[in-house]
Amino acid sequence: MKEIEELDLPGDIYYTKDHEWARKEGETVKIGISDYAQDQMGDIVFVELPETGSVFMKGEEFGTLESVKAVSEVYAPLSGEVIAVNSELENSPELLNEEPYSNWIIEMRPSDENQYDELLNRDDYLEMIRG
Amino acid sequence: MSGSSDLKRTPLHDWHVSRHATMAAFGGYHMPLWYETGVKHEHCSVIAAAGIFDTSHMAVLTVSGKDSFLLLQHCFSRDLERCIGRQPGPLANGRSVYGLFLLEDGTVLDDAIVSQCGQEHYMIVVNSGMGAKVSAHLREQARPEVTVNDHTDQIGKIDLQGPSSVPVLASLLKNPEDILRDMVYFSFKGALFPAASGSVYLQDGTPVIVSRTGYTGEFGFELYVSVSDTLSLWQQLLAAGEAYQISGCGLAARDSLRTGAMLPLSHQDIGNWLFAATPWSFVLPWHEKQRGFSKSFIGAEAVLSGRESSYTYGFAGYDPRKIPVEDDTVVLSETGKKIGRVLTCTTDMAIGRIGERIISLATPEADGRPVDFQARGLSCGFIKVDKPCRSGENVQLSAGRRTITVEIREDIRPDRTARRSIEQVRKQTEEGRR
């Protein structure tokens with residue numbers, strides 16, 4: 001397992017307390033899991049993705065990640081509609097371990113931009129992990 | 001990790017931590033689940049190359065004295081007069097046998113490998129944390145001329161598993177040809193109690209017990225050394241195994257490998273319930289016609305009376321998705337009726353389905369493995385149900401919002417190597433390297 005100092009935590013994205021990340025790209029947002037999350041889970045062997053067009057409320061489960069250790073839910077950092085899913089993960093779930101930030105899971109169109117303010121920045125997230 | 005200070009540590013503990021292994025409590029020890037390479041890599045290394053596991057948490061007992069044989073006949077589920085070979089003959093010096101210690105009510109105290117070191121001297125390996133309980137159980141059976149000793153804290157144990165184990169081990173042993181020649185499955189050489197009586201040494205003079213056993217379903221060895229020699233042996237194995245892509249492996253890979261090989265985990269797949277219909281009835285001393293036992297022993301009557309109707313089966317799913325094994329996890333029949341509970345559910349990452357068949361990374365191309373086969377893994381494990389099921393029948397495993405469909409199986413991962421001869425795996429390794 002990585003030491004906290006070894007974690008890769010980019011400063012230009014948002015984080016959640018459930019270890020998702022959200023990267024704002026104009027009017028849409030890409031969502032994935034943090035380096036800390038993938039390191040804790042161990043090898044991810046299966047990814048269950050939602051249908052494009054599904055609508056999720058902030059905090060709602062949108063998919064599951066199957067690691068060797070457990071089944072983990074992933075939650076929507078913001079409310080909105082899924083406009084794309086990264087179907088490459090269906091055949092290569094290990095991409096989430098290898099490159100957790102370039103390999104997003106879903107892309108959403110947020111219904112309430114104000115919700116960005118409720119997410120954690122890098123420093124808040126790091127502080128939370130340190131406990 | 002919180003609370004790790006209360007846990008026991010193996011002689012390799014600091015090595016695991018220094019390599020950033022993901023650690024967890026298991027059987028009272030602070031043990032590695034996997035290293036930075038990840039469990040899929042570790043699992044597949046044992047199928048295709050070799051892996052080493054720290055199994056120093058296992059408890060090692062010796063039973064010696066004039067009545068040792070009688071004590072074990074009374075307590076162990078195998079008939080030591082009839083347990084070796086096709087027309088079973090007696091356990092002999094240098095041979096081992098797997099079985100159970102049952103209690104009077106037919107429940108399982110623990111599983112064990114019993115090895116005969118001499119006419120009145122046996123080594124018994126049981127699960128971590130079980131040394132004191134099994135010792136006490138054996139001592140309670142009051143045989144005056146028997147001594148039971150627990151050597152757990154003096155012994156380090158490393159499992160070297162996988163088809164490339166032979167050249168790795170051979171490069172470390174003094175006189176490897178003599179040691180490995182004719183070494184059949186479930187036999188061992190060497191001694192540690194005392195080491196002076198042993199005949200197997202590493203090239204640096206370290207005494208070692210080399211046993212052709214393991215708990216992965218794959219070809220390999222279990223190696224026993226003193227606690228102070230354990231780290232050196234581990235490092236020597238890693239160095240010698242580098243050319244063969246050897247991996248350090250944690251308990252997660254051990255769990256997925258043993259499950260795919262249809263081997264039970266004590267206190268999870270067998271335990272404090274009646275040992276009834278299971279895939280492991282071979283551990284009982286059946287007469288040829290499977291109607292009664294060839295000896296009497298503790299628990300025999302309860303097992304034969306079969307008062308509790310429960311059936312344990314192996315299963316494999318259709319993709320890698322598992323079900324969490326929790327209190328509310330149930331097994332449902334095809335009509336949706338609750339018929340039992342899940343004992344183990346993990347993912348064997350070396351296998352996948354092609355049509356009706358399960359194919360392994362180790363399945364030969366000539367036997368149907370496509371050249372471009374990519375193992376995506378299948379969930380697998382054991383269930384305990386209250387009605388008999390057919391092999392090939394589908395049942396559902398359900399927990400909370402998740403339900404998965406799995407198939408009842410007599411076997412899970414095909415083309416395992418555990419029983420191959422040393423010559424067969426040596427040939428295979430050499431061909432693979434060309």
Side-chain angles (χ1 to χ4, degrees), chain A residues 1-8 18-19 33-51 54 56-57 59-76 87-100 103 105 128-131, chain B residues 1-2 4 16-24 32-44 249-257 259 317-326 329 345-352 372 374-380 397-404:
Chain A
M1 220 151 47
K2 291 185 180 180
E3 304 288 334
I4 287 181
E5 294 70 35
E6 294 173 314
L7 291 172
D8 179 17
D18 299 312
H19 310 289
I33 56 163
S34 75
D35 191 29
Y36 178 81
Q38 71 78 22
D39 187 54
Q40 290 282 318
M41 272 189 250
D43 286 355
I44 295 167
V45 297
F46 197 82
V47 179
E48 273 180 317
L49 299 167
E51 300 280 330
S54 319
F56 295 98
M57 299 300 288
E60 199 180 349
E61 174 188 330
F62 71 79
T64 58
L65 304 179
E66 189 92 23
S67 70
V68 290
K69 194 154 81 174
V71 182
S72 311
E73 290 81 24
V74 268
Y75 303 98
S87 51
E88 209 181 344
L89 297 176
E90 288 176 344
N91 284 322
S92 305
E94 67 279 2
L95 291 173
L96 290 178
N97 294 112
E98 291 165 5
E99 294 276 346
N103 292 293
I105 302 173
M128 188 198 86
I129 296 173
R130 284 188 204 278
Chain B
M1 287 285 145
S2 59
S4 68
H16 304 317
V17 171
S18 75
R19 299 306 161 106
H20 302 305
T22 296
M23 305 289 288
L33 291 180
W34 57 79
Y35 302 94
E36 289 187 310
T37 43
V39 62
K40 181 170 185 176
H41 174 83
E42 294 168 20
H43 179 108
C44 293
C249 300
L251 290 182
R254 185 170 160 86
D255 193 49
S256 50
L257 286 160
T259 303
Y318 292 88
D319 62 40
R321 274 179 303 168
K322 293 183 293 291
I323 201 87
V325 180
E326 288 160 1
T329 308
C345 187
T346 181
T347 304
D348 186 322
M349 270 110 11
I351 57 176
D372 59 352
Q374 282 198 327
R376 295 197 45 208
L378 296 175
S379 59
C380 57
L397 312 184
S398 183
R401 281 167 300 166
R402 170 171 278 209
T403 298
I404 63 172

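These numbers come from the heavy atoms of this one structure, side chains and all, not from hydrogens, waters or symmetry mates. Keep in mind the model is a prediction, meaning the values are calculated, not measured. Numbered from 1 within each chain, the chains take letters A, B, ... in sequence-line order.
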How far apart are the closest heavy atoms of P320(B) and F46(A), and which atoms are they?
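Smallest interatomic distance, heavy atoms only, reads CD-CD1, 3.3 Å.
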
For V68(A) and V39(B), which heavy atoms make the closest approach, and how far apart are they?
CG1-CG1, 2.8 Å

Any luck finding a side-chain donor-acceptor pair between R321(B) and T64(A) under 3.5 Å?
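Absent: no donor and acceptor within the cut-off.
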
Name the region of [X], side chain, backbone, both or neither, that has any atom closer than 4.5 Å to a heavy atom of chain A.
X       : value
A21(B)  : backbone
D319(B) : side chain
R19(B)  : neither

[X] atom [atom1]: more than 12 heavy-atom contacts under 6.0 Å:
X       : atom1 : answer
M57(A)  : CE    : no
E326(B) : CD    : yes
E51(A)  : CD    : no

Check: R376(B) and N91(A) side chains under 4.5 Å, non-hydrogen atoms:
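The answer is yes; the side chains approach within 4.5 Å.
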
Quick check: does any side chain N or O of K40(B) sit under 3.5 Å from a backbone N or O of I44(A), one acting as donor and the other as acceptor?
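Checking the backbone N and O of I44(A) against the side chain of K40(B), no donor-acceptor pair under 3.5 Å is found.
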
Counting distance only, does the side-chain N/O of E36(B) pair as donor-acceptor with the main-chain N or O of M1(A) below 3.5 Å?
no

Step-by-step salt bridge (Lys or Arg N to Asp or Glu O under 4.0 Å) determination, E66(A) to R402(B):
CA-CA 12 Å; E66(A) 189 92 23; R402(B) 170 171 278 209; 2.6 Å; yes

Heavy-atom pair count under 4.5 Å with chain A, highest-scoring of M349(B), H41(B), H20(B):
H20(B)

At a 4.5 Å cut-off on heavy atoms, which part of V45(A) comes close to chain B: side chain, backbone, both, or neither?
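Its backbone and side chain both get close to chain B.
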
Could you have a look at E94(A), E48(A), K2(A) and say which one has the most heavy-atom pairs with chain B under 4.5 angstrom?
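So the answer, after comparing E94(A), E48(A), K2(A), is E48(A).
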
